[in-house]
Amino acid sequence: MDRSPVPVPMLTSLLVDAIHEANQAEGKRPKAFDTLFRASDAGKCARQIAFGSLGYEETEPMDFAGTWVTTLGTRIHEMWQTTLLADYPDAEIEVKLRHGDLLSGHADAVVVMPEGIKVMYELKTMGSYGFDKAMGLMRKSWSRKEPEGPRLSAILQGSMNALAAGADLLVIGIIGLEAMSKGYAEKVGASDLDRIMGEWHYSREEFEPLALAELQRLEEVKGWLDAETLPPRWGIGEDGRSTEFSPENGQQFPCGYCGYRSACIHYGAAPVTLDLVRRRSHAIQ
Ligand code: SF4
């Protein structure tokens, strides 16, 4: 909103402009190891994973809003990791983990607790929509339902990292970017910390089967690439079931946030040979 009587350039956007420019100059963060996929591909659509693995340039790169939210998340991670090391000097941060040549990633932290329990820790920062779902908050009616916990993609990513780290326990923490109001928290009996964060613990009996199932799904995605074919628009829906996505139907999850949406629509739902994708990739960027 411009309330200035004399037109001047926008000042508020200076920071996000600078961050956006720096990110573009830096490019995508390299994988932890030279593997086909990233651990952060966990739970994603098979075709989206394939585009990323092929090094296909995003047709919808991250916008300013995405850049801002991601930067806030990165800063919070860095501050949390610094604090962790102050309290647990033997902890490891940004731990490089891999499952053979299939995938690799950087885990937020691995720490052996004084009780001898090896913890693989993942932190997720969230805007109010995701935070409310995870914590079971219904802000409009000032009520609370059963918390849904972390997103399935976060649990799958954490599970694969925990398995690779040989952890006893997977811990996923959530920090919201917006606090519950004091009045609302009082009404639903939320504690001071509940207003801004939550934490979930998963035993090896819980995370191992999830990790193995996701590794098997990623092997299937690899199978499509080995067959020189762009995978179908297939992934895991918000309900955890196998789902076929329709990017043509507006901005629905996950397509609305997919960096390859235009490319995906361009190629259509039918199988496409990678040869055709490689030949056409320049034409649609
Ligand atoms: S637009 Fe949707 S279906 Fe297409 S690659 Fe992205 S997430 Fe998958």
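As the structure lists them, so they are numbered: ligands from 1, and atoms in each ligand from 1.
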For Phe245, the ligand 1 atoms whose distance to one of its heavy atoms is below 4.0 Å: 3 (S)

Atom 7 (S) of ligand 1: the protein heavy-atom neighbour that sits closest, reported with distance to 0.1 Å: Cys45 CB, 3.6 Å

Could you identify the single nearest non-hydrogen protein atom to atom 4 (Fe) of ligand 1 and state the distance to 0.1 Å? Cys264 SG, 2.4 Å

shortest atom 2 (Fe) of ligand 1-to-protein heavy-atom contact is with Cys255 SG, 2.4 Å

Does only the side chain of Tyr260 get under 4.0 Å from ligand 1, or the backbone, or both, or neither? Count heavy atoms. neither

What are the atoms of ligand 1, with element, lying closer than 4.0 Å to any heavy atom of Arg233? 3 (S)

for atom 6 (Fe) of ligand 1, nearest protein heavy atom and its distance come out as Cys258 SG, 2.4 Å

Identified side-chain contact (heavy atoms from CB on, under 4.5 Å) partner of Tyr260 from the options Glu58, Arg47, His266, Glu60: Glu58

Please tell me whether Val69 and Tyr257 are part of a single hydrophobic cluster in this structure, the criterion being side-chain heavy atoms less than 4.5 Å apart. no

Charged N to carboxylate O below 4.0 Å: is that the case for Arg75 and Glu78? yes

Can Leu177 and Ile76 be said to form a side-chain contact (heavy atoms from CB on, under 4.5 Å), step by step? CA-CA 10 Å; Leu177 299 178; Ile76 292 170; 3.7 Å; yes

Step by step, work out the salt bridge (charged side-chain N to carboxylate O under 4.0 Å, His left out) result for Arg217 and Glu214. CA-CA 5 Å; Arg217 192 181 77 94; Glu214 184 60 0; 2.9 Å; yes

So does Glu186 have more than 12 non-hydrogen atoms from other groups sitting under 6.0 Å from CD? no

Should Ser153 and Lys44 be marked as a side-chain contact (heavy atoms from CB on, under 4.5 Å) after you check the CA-CA gap, both sets of side-chain angles, and the distance that decides it? CA-CA 7 Å; Ser153 57; Lys44 282 186 184 168; over 6 Å; no

What residue and atom, counting heavy atoms only, is the protein's closest point to atom 1 (S) of ligand 1, and at what distance? Pro247 CB, 3.6 Å

Which of the atoms in ligand 1, numbered in the order shown and given with their element, are less than 4.0 Å from a heavy-atom of Arg261? 1 (S)

Under 4.0 Å from one or more heavy atoms of Gln48, ligand 1 contributes atoms 5 (S), 7 (S)

